[in-house]
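The basis for the numbers below is simple: all heavy atoms, side chains too, and nothing from hydrogens, waters or symmetry mates. Just so you know, residue 1 is the first one in the sequence shown, and it goes up from there.
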Amino acid sequence: MTKWAGTAYPALVAIRTERLLLRTPVLADAASISLLAGDYEVASMTGTIPHPYSEEMAVDWIQSLQAGEEGVAFTIDRGGALIGCVGYRATEKTHAEMGYWIGKPYWGMGYATEAARALILHAFNKERFDYLTVGHFKENPASARVIAKLGFEPSGEVLRDCAARNNKARCLTYRLTRERALASLRPGQEAFPLSAAGRGLG
């Protein structure tokens with residue numbers, strides 16, 4: 001739900017949406033990630049972010065990501081300010097699990113939906129997955145609304161570890177097929193892949 005394992009990018013990648021820039025995390029992001037993700041109200045709704053979440057922990061995560069150990073992840077940038085992260089973990093060649101978090105000052109503004117939509121299109125177009133999965137803890141109705149807007153369909157309920165709570169919690173799970181996503185999320189209109197220099201990736 002927060003950290004992702006799988007294929008790492010060999011170079012900086014960015015995806016632009018109407019209001020946001022999704023980009024590869026760099027070490028300079030550690031302080032902002034620690035501050036926002038370390039908020040208990042944020043961390044307790046994720047599976048793997050501990051509380052407290054120090055800047056050193058954020059540095060370790062970014063370095064693991066750069067080493068190819070944490071999969072595909074993007075920081076979410078709004079007008080030059082980091083407001084959250086989004087990414088996916090390739091559990092098998094055919095599918096991956098998506099995760100995201102938004103800092104508390106930026107809740108309720110539609111940023112999670114906008115960023116996740118762009119990530120979904122990127123994942124299906126780049127990785128050619130058959131489907132994506134996602135989950136949220138039962139006491140997180142805001143995440144449930146985001147997931148519904150993205151077209152995911154319910155698939156079950158499981159117990160998941162929650163590092164911030166140091167306990168397990170009920171997690172509702174969902175699934176989104178490639179065909180459903182590409183039909184409903186209008187590929188080509190939501191996300192524009194860019195290189196670090198701003199040139200199209202093709």
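Residue S34 holds its OG atom at 12.0 Å from CG of D29, rounded to the nearest 0.5 Å. Atom CH2 of W61 sits about 9.0 Å away from atom OG1 of T48, to the nearest 0.5 Å. Put simply, NE2 on H136 and CD1 on I147 are 5.0 Å apart, with the number rounded to the nearest 0.5 Å. The CD atom of E153 sits 4.0 Å away from the CZ atom of R180 when rounded to the nearest 0.5 Å. Remark: L172 CG to E157 CD distance equals 5.5 Å, nearest 0.5 Å. Interatomic distance, E114 CD to L20 CG, rounded to the nearest 0.5 Å: 4.0 Å.
Residues L132 and F152 meet the side-chain proximity criterion, which asks for heavy atoms closer than 4.5 Å. Contact check for V42 versus W107: side-chain heavy atoms found under the 4.5 Å cut-off. Using a 4.5 Å cut-off on side-chain heavy atoms (C-beta onward), T91 and T133 make no contact. In this structure the side chain of L65 reaches within 4.5 angstrom of the side chain of P25, judged on heavy atoms. Between W101 and I33, some side-chain heavy-atom pair lies under the 4.5 Å cut-off. Between V13 and V72 the shortest side-chain heavy-atom distance does not fall below 4.5 Å. With contacts defined as side-chain heavy-atom distances shorter than 4.5 Å, the pair H95/R175 does not qualify.
Residue L82 comes nearest to S32 through the heavy atom pair CB-CB, 4.1 Å, listed as atom of the first residue, atom of the second, then distance. Shortest non-hydrogen contact noted between L150 and L176 is O-CD2, 3.8 Å. For the residue pair A181 and I120, the shortest heavy atom distance occurs at CB-CG2, 4.0 Å. Shown here for Y53 and A58, the closest heavy-atom pair between the two residues is OH-CA, 3.5 Å. The two atoms that bring D161 and F137 nearest to each other are O-CZ, 3.9 Å, heavy atoms only. Between A43 and P50, the closest heavy-atom pair is CB-O, 3.9 Å.
Remark: the backbone N or O of L36 is not paired with any side-chain donor or acceptor of D39 at under 3.5 angstrom. E41 places no side-chain N or O within 3.5 Å of a backbone atom of K104 that could act as its donor or acceptor partner. Judged by distance alone, with hydrogens and angles left aside, the side-chain atoms of H51 form a donor-acceptor pair with the main-chain N or O of G38 at under 3.5 Å. At distances below 3.5 Å, not a single donor-acceptor pair connects side-chain atoms of R89 with backbone N or O atoms of E97. In this structure, S64 contributes its side chain and E69 its backbone to no donor-acceptor pair below 3.5 Å. Under a 3.5 Å cut-off, the side chain of S44 and the backbone N or O of Y40 do form a donor-acceptor pair. Looking only at distances, no side-chain donor or acceptor of T177 sits under 3.5 Å from a matching main-chain atom of Y131.
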Run the numbers on E139 and M45 for side chain to side chain contact (heavy atoms under 4.5 Å, CB included), then give the verdict. CA-CA 8 Å; E139 59 272 36; M45 291 299 135; 3.7 Å; yes
Could you walk me through whether L119 and I15 pass the side chain to side chain contact (heavy atoms under 4.5 Å, CB included) check? CA-CA 8 Å; L119 179 84; I15 302 169; 5.6 Å; no
Test side chain to side chain contact (heavy atoms under 4.5 Å, CB included) on R178 and D130; report intermediate values, then the result. CA-CA 5 Å; R178 174 183 176 82; D130 292 337; 5.6 Å; no
Dump the intermediate steps for side chain to side chain contact (heavy atoms under 4.5 Å, CB included) on M57 and I49, then the final yes or no. CA-CA 9 Å; M57 291 176 178; I49 297 176; over 6 Å; no
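Looking at R78 and Y111, their side chains do bring a donor and an acceptor atom within 3.5 Å of each other.
Linking Ile, Leu, Val, Met, Phe, Trp and Tyr residues whenever their side-chain heavy atoms come within less than 4.5 Å places L22 and L27 in a single cluster. Under the 4.5 Å side-chain heavy-atom criterion for ILVMFWY residues, a single connected hydrophobic cluster contains both V86 and M109.
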